Amino acid sequence: MDWKSQRIIAFDTETTGLTAHDGDRVIEFAAVEIVLDQSGAVIKTNKHEMFVNPGIPIPSEIVKLTGIDDDTVAKAPPFDRIADKVAKLLEGSICIAHNFAFDQIFIAMEFDRLGRHWPNTLAEIDTLDLSIRYFPNERGHKLALFCDRLGVTLDGAHRAANDAEATGRAFAALAKQLNAPSDLDQMLEWSAGLGRPPTSHWIHRNKLGALIFSTGELKDQLIEHHPSHLQWMLIAKEHTPEGWREVYPESLRRWISQFLKCRSSGRTKPPIKSFGPADWTIDSNSLPIEIPS
């Protein structure tokens, strides 16, 4: 499957703060569809911008950073009124964001309040990780710096649509510059992105589209709520007449490893690491994850 022919959505959020699990909310969401030609050049963009009424006051430091204040969102819809549109934009798309885990957890939390789940994306790519991977000698990896290195203009930073479009264009520029593979699976290896899980007897999607465990004591529970069990699945072994072997197939273990990395690569740090849902903001590049005994 050639990824350039798939629907590519770069997205970004502006929020009332940094901690989705501590009550901060989305105040702006933007998704920009990036259309590429077969060479990988951007030929068209389609913007979708939405203010969101968070139902709580916007702190002064966020107003200063984004220019979005309480009056801006006073007549905007709450998230429940745009949830269908957001889900439709992300569903089945190659989704791209800069510091993906940060934006993902805010949108996932908004869906969770409605009894819904993160959409079934085709792939998820973090341009922050790409910057770190392909510009290892650079000190800074903020979006503006990443864009500047690739000759992409970022005007009006800290507004969702501007940041989202710049993110998508920068990803396309890097892929073209470094001749990224055209095959989706190979491109995901190149980008350290997350694709859909392999078909297996252990993890599947339920009727609501959420990834759940298929067997065992955690059957029917959301995999994202049990990162320590996913870590255990990476190392679980069983004894056979031929000796010790891994319980789970290599393809599933590779996917779980990437899922944990992608969903825990946000650069904000929660004060307590309890191996619950709030831990998706651990920086897995700098903090070892241990399985509780």
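Everything numeric in this text was worked out from a predicted model, so none of it was measured.
Between the side chain of Glu91 and the main chain of Asn120, a donor-acceptor pair closer than 3.5 Å is present. Asp24 contributes a side-chain N or O that, together with a main-chain N or O of Leu18, makes up a donor-acceptor pair within less than 3.5 Å.
Checked for salt-bridge contact, Arg116 and Asp84 meet the test: a charged N lies under 4.0 Å from a carboxylate O. Looking at Arg263 and Glu124, a side-chain N of the basic residue comes within less than 4.0 Å of a carboxylate O on the acidic one, giving a salt bridge.
Counting heavy atoms of neighbouring residues, nucleotides and ligands inside a 6.0 Å radius, atom CD of Glu61 exceeds 12 of them.
Residues satisfying the side-chain hydrogen bond (donor to acceptor under 3.5 Å, both in side chains) criterion with Arg25, sequence neighbours excluded, are Glu110. The ring-ring contact (aromatic ring centres under 6.0 Å, His included) check on Trp118 picks up nothing, with sequence neighbours excluded. For the ring-ring contact (aromatic ring centres under 6.0 Å, His included) test, no residue two or more places apart in sequence or in another chain qualifies with Phe135.
Between Trp202 and Leu252, the closest heavy-atom pair is CE3-CD2, 3.8 Å. Closest approach of Ala10 to Ala164, counting heavy atoms only: CB-O, 3.1 Å. For Lys4 against Gln38, the heavy-atom pair with the smallest separation is CE-O, 3.0 Å.
Judged purely by distance below 3.5 Å, without hydrogens or angles, the side chains of Trp232 and Tyr248 never pair a donor atom with an acceptor atom. Side-chain atoms of Thr167 and His98 form no donor-acceptor pair, as typed in the model, at a separation below 3.5 Å.
Remark: of the listed residues Tyr134, Trp3, Phe146, Trp3 is the sole one forming a ring pair (Phe, Tyr, Trp, His ring centres under 6.0 Å) with Phe171.
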